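Fair warning: this is a prediction, and the values are worked out from it, not measured in the lab. Indexing begins at 1, ligand by ligand and atom by atom, following the structure's order.
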Amino acid sequence: MATELAPGLIHHPGFLDAAARARLAAEIAAVLEAAPPVTPRMPRTGKPFSVRMTNAGPLGWVSDISGYRYLPTHPETGRAWPPLPPTARAAWEALAAYPAPPEACLINLYAPGTRMGLHQDRDEADLAAPVLSLSLGAAALFRYGGLNRSDPTRSVRLQSGDALVIGGASRLIYHGIDRLYPSADLLDEEGGLAFLPPSGRCNLTLRRVTAAGGAAR
Ligand code: MD6
Ligand code: FE
């Protein structure tokens with residue numbers, strides 16, 4: 001059962017069943033082989049993020065001392081990002097209600113104790129498309145607010161297999177991850193998440209970057 005947490009912010013608990021979670025985990029493992037995770041850094045200050053990141057798809061989101069941007073190649077290997085995981089792409093087709101495929105799949109890897117500060121996702125030219133988030137591994141507390149950083153916030157727990165669509169009137173809301181819960185997923189116990197430390201978490205966000213039709217605005 002999907003829940004509309006706010007207009008355009010739709011939570012699909014357990015969207016990926018055990019078989020889909022295992023398939024997605026294997027697809028992510030292959031991406032990580034081809035595109036090793038990097039530690040992003042804050043623009044200007046160079047302060048490292050606690051989360052490690054990589055990407056799949058034609059474009060990947062990177063952050064370093066010179067800023068946030070989308071690039072067609074991995075910043076360290078110089079190679080093109082690997083193809084979008086098919087299971088993630090199928091989730092986009094089922095949930096995004098958008099006529100064009102995703103261009104970027106950002107993969108965030110959380111070790112226990114890591115978090116992600118409140119932010120907006122606004123580096124995409126096409127804000128008509130939602131961001132689709134998929135979670136695997138340890139559960140996390142997702143905090144979301146409004147269009148201003150100081151707006152009141154609420155929280156929802158994202159579990160392994162959950163999908164979250166952030167679109168419509170919520171496309172630019174502030175959001176972040178406050179904490180992980182040290183609860184191992186079955187997938188983790190079965191070794192399907194060998195790319196994560198025990199009780200780690202992986203989140204995928206799928207995005208459209210350029211305006212539909214291909215031209216960046
Ligand atoms: C995370 N997610 O769940 C971080 N952004 O680990 C995000 O920052 C996010 O889940 C945009 C839309 C959905 C998200
Ligand atoms: Fe985000």
(message) Can you confirm, on distance only, whether ligand 1 has an N/O atom lying under 3.5 Å from any N/O atom belonging to S135?
(response) no
(request) Provide the number and element of each atom of ligand 1 under 4.0 Å from a heavy atom of D121. (result) 5 (N), 11 (C)
(request) For atom 2 (N) of ligand 1, grab the closest protein heavy atom and report residue, atom and distance to one decimal in Å. (result) N203 OD1, 3.6 Å
(request) Report yes if some N/O of R207 lies less than 3.5 Å from some N/O of ligand 1; otherwise report no. (result) no
(message) Quick one about T210 and E103 (side-chain donor to acceptor, distance below 3.5 Å, no hydrogens or angles considered), yes or no?
(response) yes
(message) Students should be able to answer this: which protein heavy-atom is nearest to atom 12 (C) of ligand 1, and at what distance?
(response) I166 CG2, 2.8 Å
(request) Looking at D121, pick out the N, O or S atom nearest to the Fe ion (ligand 2) and give its name. (result) OD1
(message) Any nitrogen or oxygen of T205, side chain or backbone, less than 3.5 Å from one on ligand 1?
(response) no
(request) For H119, counting its heavy atoms only, list the atoms of ligand 1 lying under 4.0 Å from any of them. (result) 8 (O)
(message) For ligand 1, which is the ligand I care about here, please tell me if S133 has any N or O atom under 3.5 Å from one of the ligand's N or O atoms.
(response) yes
(request) Please report which non-hydrogen protein atom sits nearest to atom 5 (N) of ligand 1, along with the residue it belongs to and the distance in Å to one decimal place. (result) H175 NE2, 2.7 Å
(message) Taking 4.0 angstrom as the limit and counting only heavy atoms of V131, give me the atoms of ligand 1 inside it, by number and element.
(response) 11 (C), 12 (C)
(request) Using only heavy-atom distances, determine whether the side chains of S133 and N203 contain a donor-acceptor pair under 3.5 Å. (result) yes
(message) Less than 3.5 Å apart, any donor N or O on the side chain of D123 or W61 sitting next to an acceptor on the other?
(response) yes
(request) Would you mind listing which atoms of ligand 1 come within a distance below 4.0 Å of any non-hydrogen atom of Y110? (result) 1 (C), 4 (C), 6 (O)
(request) Would you check if there is a donor-acceptor pair between the side chains of D162 and H11 at a distance under 3.5 Å? (result) yes
(request) Compute the ring centroids of H175 and F142, then answer whether they are less than 6.0 Å apart. (result) yes
(message) Between S66 and D64, do the side chains contain a donor N or O and an acceptor N or O under 3.5 Å apart?
(response) yes
(message) Out of all atoms in ligand 1, which are within 4.0 Å of some heavy atom of R201? Include the element for each.
(response) 1 (C), 3 (O), 6 (O)
(request) Cation-pi check, R149 to Y174: give yes when NZ or CZ is under 6.0 Å from the six-membered ring centre and within 45° of the ring axis, no otherwise. (result) no
(message) Is the positively charged end of R157 above the ring of Y181, judged by distance under 6.0 angstrom from the centroid and angle within 45° of the axis?
(response) yes
(request) Find out if a path of hydrophobic residues (ILVMFWY) with successive side-chain heavy-atom gaps under 4.5 Å connects M116 to V38. (result) no
(request) Evaluate the side-chain proximity of V131 to R171: yes if any heavy-atom separation is below 4.5 Å, no if none is. (result) yes
(request) Taking only heavy atoms of F142 into account, list the atoms of ligand 1 that are under 4.0 Å away from them. (result) 10 (O), 14 (C)
(message) List ligand 1 atoms under 4.0 Å from I177, heavy atoms only on the residue side.
(response) 1 (C), 3 (O), 4 (C), 6 (O)
